[in-house]
Number of protein chains: 2
Amino acid sequence: MNEHVLLLDAETKAAEQPQDHRDELRLWLRLLTCTTLIEGGVRKRLRERFDVTLPRFDLMAQLDKSPDGLTLSELSRRMMVSNGNLTALVERLVASCHLDRRTAENDRRAQVISLTNLGRAEFRAMAAEHEMWIAEMLGDLSRSEVTELLRLLAKAKASARQAVQGERP
Amino acid sequence: MNEHVLLLDAETKAAEQPQDHRDELRLWLRLLTCTTLIEGGVRKRLRERFDVTLPRFDLMAQLDKSPDGLTLSELSRRMMVSNGNLTALVERLVASCHLDRRTAENDRRAQVISLTNLGRAEFRAMAAEHEMWIAEMLGDLSRSEVTELLRLLAKAKASARQAVQGERP
DNA sequence: CCGGTTTATTTTAAGCTTAAAATATCACGG
DNA sequence: CCGTGATATTTTAAGCTTAAAATAAACCGG
């Protein structure tokens, strides 16, 4: 009986498995292509128009949404990059007077990072153009297609998050 | 009359522009989140299971689809990474006996890269698991949702490609 | 209040990535 | 066949990224 089950499993695998998940794989590759294309376009425009890198723009974008600043840990969680990555990135932006950094009041381990007035002003000028670039790149999608993509990607995001983070401990 | 037009334009801008493209921006951010999540999960699994990096896997994936090999230019176009990037990546995989590299027969400038038997065998073992990881991460989507996403992302991809590459010269 | 554990950050080593400049070869029109 | 422009690749410099180890401070149960 055991062999029977195993045999069935093997046959099932042979018959279905190799084809079964091809669409999911295609979906992942297409998602990656879309992201890479848009990211490349944004990166290039940021460099040409503002001489700024994408990671710096992303960092400033997070801080612009949090006027009271964020700790490095919170930043790394929101940007989904490693902790050590931020150390150098923040250092450079502090050196160029775009960011402020201070020790947290109640926790001497933590650093609170925030935008300076200069940083905020420069970011907002960039963000305004950035929004138009994105609108242009996604310009062939109708309003309802955008809405539908938002809905389906929310589901994909939840699915991936559960699979990826559900295994952490 | 010119002032009239300009005034209308200004009013239109003030009334619509600041809000008009928020959904496209949200869509882009959600796309990026999905990609980053899945990419991180794949990267981690590739490292833990096979001690291989994602760029190496991607490179081998392209070559596996082209049994006759590819030139560096063609590879860089398909992988959407810069030319110089591949030089070191290929070098390392040649050193570890996963890739072959030979000068093209009819063009002494070009290098043709292909998988060795070892490289192909190792890649296929990884690819089989990789497909299951992706299926798991996207497991909460129904078949019809996957199909619909494929359709909409194809449109997004075409839109972005036109906007990004239409400006090259 | 003390010792073990967790949390926040930095450091380190390796590798990836890009843009731009340099090099080498090819193609082709005159 | 020769120069000119295009194409293929490598080199370079700077910056990004990660994982893992190290450091430091906070928390917490006994």
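As a basis for the values below, the full set of heavy atoms in this structure was taken, side chains included, without hydrogen atoms, waters or symmetry mates. Predicted model only: the values in this text are computed from it and were never measured. Chain identifiers are assigned alphabetically (A, B, ...) following the order of the sequence lines, protein sequences preceding nucleic acid strands; residue numbering begins at 1 within each chain.
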Between A/Asp107 and A/Glu91, name the one whose nearest nucleotide on DNA chain C is closer to the 5' end.
A/Asp107

Is the distance from OP1 or OP2 of C/dT9 to the nearest side-chain N or O of A/Ser73 less than 4.0 Å?
yes

Looking only at non-hydrogen atoms, find the nearest pair between B/Val112 and B/Asp68 and report the distance.
CG1-O, 3.8 Å

For atom CG of B/Leu46 and atom P of D/dT18, their distance in whole Å:
15 Å

Roughly how many Å is it from CG in A/Asn83 to C1' in C/dT6, rounded to a whole number?
14 Å

Could you state the atom-to-atom distance from CZ of B/Phe57 to P of D/dT18 in whole Å?
19 Å

Distance in angstrom units between B/Glu48 CD and D/dA19 P, rounded:
9 Å

Measure from CG on A/Asp51 to P on D/dG15 and round the result to the nearest Å.
11 Å

If the cut-off is 4.0 Å, is A/Arg43 near the phosphate of C/dA19, judged by side-chain N/O to OP1 or OP2?
no

Is the phosphate of C/dT7, meaning OP1 or OP2, less than 4.0 Å from a side-chain N or O of A/Arg77?
no

Let me confirm one number: the CD1-CD distance from A/Ile134 to B/Glu24, rounded to the nearest 0.5 Å.
9.5 Å

Rounded to whole Å, how long is the line connecting atom CG of B/Leu89 with atom P of C/dC16?
5 Å

Per nearest nucleotide of DNA chain D, the residue lying toward the 5' end, A/Thr53 or A/Asn106, is A/Thr53

A/Arg101 has its side chain closest, among C/dT18, D/dT9, C/dT9, to C/dT9

Given D/dC16, is OP1 or OP2 found less than 4.0 Å from the side-chain N or O atoms of A/Arg56?
yes

State whether the distance check finds a donor on one side and an acceptor on the other, under 3.5 Å, for side chain A/Arg109 versus base C/dT9.
no

Can you tell me the distance, in whole Å, between the CD atom of A/Gln111 and the P atom of D/dT23?
18 Å

Looking at B/Arg47, I'd like to know whether one of its side-chain N or O atoms comes within less than 4.0 Å of OP1 or OP2 on D/dA19.
yes

Under 3.5 Å, is there a donor on one side chain and an acceptor on the other for A/Gln62 and A/Arg78?
no

So, does B/Ser82 get its side chain near the phosphate of C/dT17, meaning an N or O under 4.0 Å from OP1 or OP2?
no

A/Lys44 has an atom NZ; how far is it from atom P of C/dA19, in whole Å?
9 Å

Reckon A/Asn85 has a side-chain N or O less than 4.0 Å from the OP1 or OP2 of D/dT18?
yes

Separation of A/Leu89 CG from A/Leu99 CG (nearest 0.5 Å):
8.0 Å

Could you work out which one of D/dG15, D/dA8, C/dG15 sits closest to the side chain of A/Arg92?
D/dG15

Less than 3.5 Å apart, any donor N or O on the side chain of B/Ser144 or B/Ser142 sitting next to an acceptor on the other?
yes

